Structure formats: structure tokens, C-alpha cells
Amino acid sequence: ILNIFLVIVAVAAAAGTAVSILDATSDPDQWPAAILFAALEVILIVLAVFRRIDYRIRAWGVLLVPYLVGVTNLASFGLGSSGRMFLLAVPIGGLILVGVRSGIIMSVWVALTMVAFTILSRLGLLQQWLVVDRNSLLFSDWVAESTDTWILLLAIMALLVMFYRFQESLIRKTRRA
């Protein structure tokens with residue numbers, strides 16, 4: 001699963017990186033994010049090409065990429081960005097690629113990340129990072145959006161954990177038969 005997934009993600013991320021670079025050519029404030037996305041693309045390519053690297057390192061490496069993209073999007077573009085969606089993908093990927101414990105740990109980590117951004121917004125510290133001003137800095141918006149993210153995160157992870165455990169039980173039954 002991981003080998004195919006890494007190739008797909010590396011190709012998809014290349015398109016996203018290209019768009020970020022194009023955006024940065026017209027808005028120089030976007031260059032830090034574009035450079036980070038390009039570096040993350042290189043990491044994905046290395047993980048996809050060098051299959052002899054330990055599976056766990058490759059799996060955690062591929063999980064790190066959407067987490068950093070999500071955090072960067074939230075810091076640069078606020079709630080109006082796709083940052084929350086990238087963060088939602090991390091625990092799902094952790095569950096599927098590494099296991100239940102990883103998915104749960106990443107769920108908690110993502111929830112804490114949203115808490116941190118909500119607090120930074122409340123303290124007025126996010127405003128200095130935002131590249132564009134189309135984003136809400138209202139504390140109530142961050143609380144509402146973070147809550148929505150946590151609800152989706154909880155629901156998706158619960159379903160995936162149940163599905164994962166169901167599959168494991170089917171595999172055990174098949175092996176016994």
C-alpha cells in the first residue's frame with residue numbers, strides 16, 4: 001500500500017507545489033510557503049524512490065508532509081485555507097498506514113494543533129503571519145471552525161477504527177479457518 005500511495009501523493013503534491021510557486025511569483029510574501037512545499041515534495045520523492053528505507057520511517061515521513069502543509073496553510077492563510085482538511089487527513093493516514101494507535105495519537109496531535117492556533121488567534125499573534133487578509137481572526141470563528149474540525153476528526157476516526165478492527169477480526173477468522 002505504502003509504495004503506491006507514496007507515488008500518488010508525490011505526483012499530486014507536485015501539482016500543488018507548482019501552483020504555490022506560481023502564486024509566489026505574483027505575491028512575494030508566499031515564497032516561504034512555496035519553498036517549504038518544494039522541500040516537502042523532495043521528501044516525498046525520496047520516500048517514494050528509496051523503498052529500502054524502513055517502512056515506519058517512510059510512513060511517518062509521508063504523514064509529516066500533510067501535517068506541515070496544514071500548519072503552514074493555517075499560519076499563512078488562516079481558516080479560509082485548506083489547512084484544516086490537510087490536518088484531517090493526517091490521522092486517517094496514520095490509521096491506515098501505521099495502525100490504530102498512530103491514528104489516535106495523530107488525532108490528539110491535530111486537535112492540540114487547532115487549540116494552539118485558536119489561542120494564537122485570540123492573542124492576536126496570527127495576524128502577523130497571515131499572507132492575505134481574506135481570513136477571519138475572530139476568536140469565535142476559530143472556536144467554531146476548530147470545533148467543526150474536532151467533530152469531523154472524531155467521527156472519521158471512530159468509523160475508521162471500527163472498520164480497521166473489523167478487518168483485523170476477519171483476517172484472524174480467515175487464518176483460523
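Note that the coordinates shown come from a computational prediction; the quantities given were computed from them, not determined experimentally.
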(message) Just verifying a value: how many Å separate Ser146 OG and Leu79 CG, rounded to the nearest 0.5 Å?
(response) 6.5 Å
(request) Provide the closest heavy-atom pair for Pro91 versus Leu153 in the form atom of the first, atom of the second, distance. (result) CG-CD1, 3.2 Å
(request) Could you check Arg51, Arg52, Arg56 and say which one makes a salt bridge (charged side-chain N to carboxylate O under 4.0 Å, His left out) with Asp54? (result) Arg56
(request) Without swapping roles, check the side chain of Ser26 against the backbone of Asp23 for a donor-acceptor pair under 3.5 Å. (result) yes
(request) Write down the atom of Trp31, the atom of Ile21, and the distance for their closest heavy-atom approach. (result) CH2-CG2, 4.0 Å
(message) Grouping I, L, V, M, F, W and Y whenever their side-chain heavy atoms are under 4.5 Å apart, do Val49 and Ile53 come out in a common cluster?
(response) yes
(request) Output the distance between atom OG1 (Thr113) and atom CE (Met106), rounded to the nearest 0.5 Å. (result) 8.0 Å
(message) If you apply the rule side-chain contact (heavy atoms from CB on, under 4.5 Å), what do you find for Val9 with Val65, and how did you get there?
(response) CA-CA 10 Å; Val9 169; Val65 171; 5.7 Å; no
(message) Can you give me the closest heavy-atom contact between Leu74 and Ser81, atom names plus distance?
(response) N-OG, 3.8 Å
(request) Determine, stepwise, if the pair Phe86 / Val110 fulfils side-chain contact (heavy atoms from CB on, under 4.5 Å). (result) CA-CA 10 Å; Phe86 278 98; Val110 165; over 6 Å; no
(request) Give the minimum heavy-atom separation between Leu130 and Gly78, together with the two atoms involved. (result) CD2-N, 3.4 Å
(message) Please evaluate residues Asn73 and Met85 with respect to the criterion side-chain contact (heavy atoms from CB on, under 4.5 Å), reporting the C-alpha separation (whole Å), side-chain torsions for both, the decisive distance (0.1 Å), and the verdict.
(response) CA-CA 10 Å; Asn73 280 343; Met85 298 307 122; over 6 Å; no
(message) What I'd like to find out is whether the side chain of Ser102 reaches to under 4.5 Å of the side chain of Trp60, using heavy atoms alone.
(response) yes
(request) Output the distance between atom CG (Leu64) and atom CG (Leu40), rounded to the nearest 0.5 Å. (result) 7.0 Å
(request) Look at the side-chain heavy atoms of Ile, Leu, Val, Met, Phe, Trp and Tyr, link any pair under 4.5 Å apart, and say whether Trp109 and Ile96 land in one connected group. (result) yes
(message) Whether the side chain of Arg122 engages the backbone of Phe139 through a donor-acceptor N/O pair (distance < 3.5 Å, no angle test) should be reported.
(response) no
(request) Report yes or no: does Ser20 contribute a side-chain atom to a donor-acceptor pair with the main-chain N or O of Gly16 at less than 3.5 Å? (result) yes
(message) If I take atom OG1 from residue Thr118 and atom CG from residue Leu123, how far apart are they, to the nearest 0.5 angstrom?
(response) 11.0 Å
(message) Can you tell me if Glu168 has over 12 outside heavy atoms packed within less than 6.0 Å of its CD?
(response) yes
(request) Hey, could you give me the CZ/CZ distance between Arg84 and Phe117, rounded to the nearest 0.5 Å? (result) 12.5 Å
(request) Indicate if Val71 and Val115 have the same hydrophobic cluster label, given that clusters are the connected sets of ILVMFWY residues with side-chain heavy-atom separations under 4.5 angstrom. (result) yes
(request) Group every Ile, Leu, Val, Met, Phe, Trp and Tyr by side-chain heavy-atom contacts under 4.5 Å, then state whether Ile45 and Val62 land in the same group. (result) no
(message) Can you tell me if Phe163 has over 12 outside heavy atoms packed within less than 6.0 Å of its CZ?
(response) no
(message) Tell me if the CD1 atom of Ile4 is crowded by more than 12 foreign heavy atoms within 6.0 Å.
(response) no
(request) Determine the minimum heavy-atom distance between Glu41 and Ala10, stating which atoms define it. (result) OE2-O, 2.8 Å
(request) For Arg58 and Leu6, work out which heavy atoms get closest and say how close. (result) NH2-CD1, 3.2 Å
(message) With clusters defined by side-chain heavy atoms of hydrophobic residues (ILVMFWY) lying less than 4.5 Å apart, directly or transitively, does Leu36 cluster with Leu63?
(response) yes
(message) Could you work out, with side chain to side chain contact (heavy atoms under 4.5 Å, CB included) as the rule, every residue matching Leu120, not counting sequence neighbours?
(response) Leu125, Leu126, Trp129
(request) Mind checking the CG-CG spacing from Leu87 to Leu68? Nearest 0.5 Å is all I need. (result) 10.0 Å
